[in-house]
Amino acid sequence: MSSITDPPKANFRLSMLIYDTRYRSATIQIVALMGFMLLAAWLIGNAVENLNALGKTISFGFFHETAGYDINQRLLDYQSGDSHLRAALIGLLNTLVVALLGCVTATVVGVFVGVLRLSKNWIVAKIMTVYVEVFRNVPVLLWIALIFALVTESTPHPKTFRGLDTGAVVVTNRGTYLPEVLFSNSLGDISLFGQSALRFDVSLDLLAIVLVLAGGFFASFKLRKRADRIQEATGDRPTTWWQRLLVIFVPLGILLAVLGLHFGYPELKGFNFRGGTHLRNSLIALWLALSLYTAAYIAEIVRGGILAVSHGQSEAAGALGLRSGRIMNLVVLPQALRVIIPPMISNYLNLTKNSSLAIAVGYMDITGTLGGISMNQTGRELECVVLLMAVYLVISLSISASMNWYNNRVKLVER
Amino acid sequence: MKKSVILGALTFAGLAAGAAAAGTLDDVQSRGKLNCGVNAGLVGFATPDANGEWGGFDVAICRAVAAAVLDDANAVEFVPTTGKTRFTALASGEIDVLSRNTTWTFSRDVDLKFTFVGVNYYDGQGFLVPKELGVSSAKELDGATVCIQTGTTTELNLADFFRTNGISYEPVPIETEAEAQQQYLAGACDAYTTDASGLAATRAAFETPGDHVILPEIISKEPLGPLVRHGDDEWGDIVRWTLNAMIAAEELGVTSANLSEMAAGTDNPEIDRLLGTTGSLGEKLGLDATWAQRVLAVGGNYAEVFAKNIGEDTPIGLARGLNAQWTEGGLLYAPPFR
């Protein structure tokens, strides 16, 4: 038996980089990479040189200058005296809020429509087809503009509420006001990062509620495991649903009572309603338009996923005596998910990126603050756009990574 | 993927390279057209009429420069810009001059690297409110929703005004003038704020202008004027002295009506120098002797342009106010043509 020997290293000649198949592909790749890097370096150098000729050097110092403008929707405290960095952070949070709301709503609506499109009821199926085709085939910017015009033009002016002056839910042409959650014995906030641009207040009330809820769910999970064990040992499953509800809601109820939960209602004062949670029309329009538009795509993905599950599966489930609702929930959807998740990721990414159309309705997302007013007031186009791209890249990669993790969990494990 | 990155970078580098080139006058003359950035639509200042012909107070500057440089007031490519896009358009070389009611500020001049060649309208920021709101002063606007055009000095002045007076407001940022009108008329905001001249122009376009009032407070100084890029002083001089020629012509009594008569020669040496009858001011600008005659032949002097587009006999109905000649108590003061 002959053995394969290592290539004789002593005999290495430079020409082998081209003529020896062992090295050739690496050589070509390295040369191509070097060429690409040279080109990139030339382009960047050219841009820097031209900016210098214009008298503009690349600098991010403007971040610490005073922004000087106000932002209407702010999740953290912000005044016009804060820095551009703070303004960008407020914008980033607004982007994340609308992206999160949009993704959740689009998923719910999309799954619903996708399933109904397969309905045996002719009318229902056709209505859903019309919905999907209409939303999918019109640019999302037009939907945003249309829905914004609708919510602004068709809702009443705040002054029509004069005399009534308050209400739990108030719909006006400046937005919708909902009751806000208030605590009379609030635990206060923890301030992080002191007075810097990234300062952040964490509500201890919220933290306490999250902890109690998590504890409740953990206890509920343990109860289910125990019920599973008893069922496996004896064949009888103890009734646990009321215990499981109790361990979640009783501690939560006690906590809320201790904190002194009450609701703050919007009241008409001067020109506008004050108090309550204010959902501005810009947010509503952007949220609805992005969700309905993306939901049309998700519906098609869901429909495709369900159709991809072999018909034999539902027939087999039917033969076991399962009702159609349970067949869908227990047999078809879990298998369809494996087909649905990967294209779903790209739709979430699309929705997040489409949220940058927010400026069309004056919603102050990060494109509106960092890439809009800040860029305009400071004239730092290159810096702002590069940062903006980096921010969207990070958001998209994070969504992608978490969805891929979920996909790996649900996908069929094959050998 | 890689390819598109490279192409994108190339485009960017190309844009940047275009911006750095000097010699705007040569570029404009070889192109045969002046690229002029204007407002996308503000009655009286820059609007296209039914035939698509641009007209207005700011547009007149573009036409005057084109007449001086190209001997054709219609050789202008009007580029509509928004408050946000205007500076990028100018910095990148897409337009040669920006004449779009733009406020001359320190940071725009020094930090954004633009040269403001003068002031063609002295303005200040005001508030427009519906009469039925019953507000008589901007200080009564506590808690009001205010529509603002985003990307302007307006939103900074507004923030300062409300902060100094210790009152709150809800800003509604809006991209364009037209959208702002629609939002304001729909009642989505209680007040609309921009330069007082802009408010007058906006109000003139309403169906019932009488139902809206401009509040007395003027909360800022807004010297509006045409601007060019830093780095090409010869081109800046041409635009500056075109504007000055229009202002000086009013002071010297040269109008579009008596222009040909005056050009034949007068007993006022300054008029003769301005119109190129004597001296060689035009050649020094890199143009010819009769450049100012062509400027004035387009729409006349400053007073004529003002009266035709935004004056008291137009629906906009602006009084001269600060924009009168210095001899009449205003701020217009053209340096001597000498």
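Letters A, B, ... mirror the listed sequences (proteins, then strands); counts begin at 1.
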Roughly how far, to the nearest 0.5 Å, is [atom2] of [Y] from [atom1] of [X]?
X: Phe63(A); Y: Ser374(A); atom1: CZ; atom2: OG; value: 7.5 Å
X: Leu393(A); Y: Leu388(A); atom1: CG; atom2: CG; value: 11.5 Å
X: Cys384(A); Y: Glu381(A); atom1: SG; atom2: CD; value: 8.0 Å
X: Arg86(A); Y: Thr369(A); atom1: CZ; atom2: OG1; value: 12.0 Å
X: Leu98(B); Y: Phe116(B); atom1: CG; atom2: CZ; value: 8.0 Å

Requested in this report: Using a heavy-atom cutoff of under 4.5 Å, enumerate the residues of residues 174-182 of chain B that contact chain A, numbered in order, or state 'none'.
Outcome: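 Within residues 174-182 of chain B, the residues that come under 4.5 Å of chain A (heavy atoms only) are Glu175(B), Glu179(B), Gln182(B).
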Requested in this report: Anything in residues 217-224 of chain B with a heavy-atom distance to chain A below 4.5 Å? Please list those residues in order.
Outcome: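 So no residue qualifies.
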For chain B, which of [options] has the most heavy-atom pairs under 4.5 Å?
options: Gln377(A), Lys159(A), Arg380(A); answer: Gln377(A)
options: Asn72(A), Thr155(A), Thr378(A), Thr172(A); answer: Asn72(A)
options: Gly362(A), Gly81(A), Ala67(A); answer: Gly362(A)

Chain A contact via [X] - side chain, backbone, both or neither, heavy atoms under 4.5 Å:
X: Ser168(B); value: side chain
X: Glu132(B); value: side chain
X: Leu141(B); value: both

Please classify the contact between [X] and chain B as side chain, backbone, both or neither, with a heavy-atom cut-off of under 4.5 Å.
X: Phe62(A); answer: neither
X: Ala360(A); answer: backbone
X: Ala149(A); answer: neither

**Report entry** Tyr69(A) and His84(A) aromatic ring geometry - parallel, tilted or perpendicular at 30°/60° bounds
**Finding:**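 Ring orientation, 0 to 90° scale: tilted.
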Requested in this report: Tell me, please, which residues at least two apart from Cys36(B) pass disulfide bond (SG atoms under 2.5 Å apart).
Outcome: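 Cys62(B).
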Does one side chain, of [X] or [Y], offer a donor that lies under 3.5 Å from an acceptor on the other?
X: Asp142(B); Y: Tyr169(B); value: no
X: Thr367(A); Y: Tyr392(A); value: yes
X: Thr24(B); Y: Asp96(B); value: no
X: Arg86(B); Y: Thr102(B); value: yes
X: Thr85(B); Y: Thr82(B); value: yes

**Report entry** Pair Asp26(B) + Arg31(B), salt bridge at N-O below 4.0 Å
**Finding:**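 Between Arg31(B) and Asp26(B) there is no salt bridge, as every charged N stays at least 4.0 Å from the carboxylate O atoms.
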Query raised in the report: Between Arg199(A) and Asp82(A), is there a salt bridge with N-O shorter than 4.0 Å?
Result: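 Yes.
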Requested in this report: Return the option, out of Glu140(B), Arg108(B), Arg163(B), His230(B), with the maximum number of heavy-atom pairs under 4.5 Å with chain A.
Outcome: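 Top option by heavy-atom pairs under 4.5 Å: Arg163(B).
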**Report entry** Option in Cys189(B), Pro171(B), Ala186(B) with maximal non-hydrogen atom pairs under 4.5 Å from chain A
**Finding:**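 Greatest number of close heavy-atom pairs with chain A: Pro171(B).
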Query raised in the report: Under 6.0 Å between ring centres, would you say that holds for His212(B) and Tyr192(B)?
Result: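 His212(B) vs Tyr192(B): aromatic centres not under 6.0 Å.
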Requested in this report: Sort by residue number and list every member of residues 267-283 of chain A having a non-hydrogen atom under 4.5 Å from chain B.
Outcome: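 Within residues 267-283 of chain A, near chain B: Phe271(A), Asn272(A), Arg274(A), His278(A), Arg280(A).
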**Report entry** Over 12 foreign heavy atoms within 6.0 Å of CD, Glu49(A)
**Finding:**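 No - once you tally the heavy atoms of other residues, nucleotides and ligands closer than 6.0 Å, there are 12 at most.
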Query raised in the report: Taking atom CH2 of Trp235(B) as the centre, does the number of heavy atoms from other residues, nucleotides or ligands within less than 6.0 Å exceed 12?
Result: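 Yes - once you tally the heavy atoms of other residues, nucleotides and ligands closer than 6.0 Å, there are more than 12.
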Requested in this report: Please determine which of Asp195(B), Asn157(B), Thr154(B), Thr194(B) meets the side-chain hydrogen bond (donor to acceptor under 3.5 Å, both in side chains) test together with Gln125(B).
Outcome: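 Filter result, single survivor: Asn157(B).
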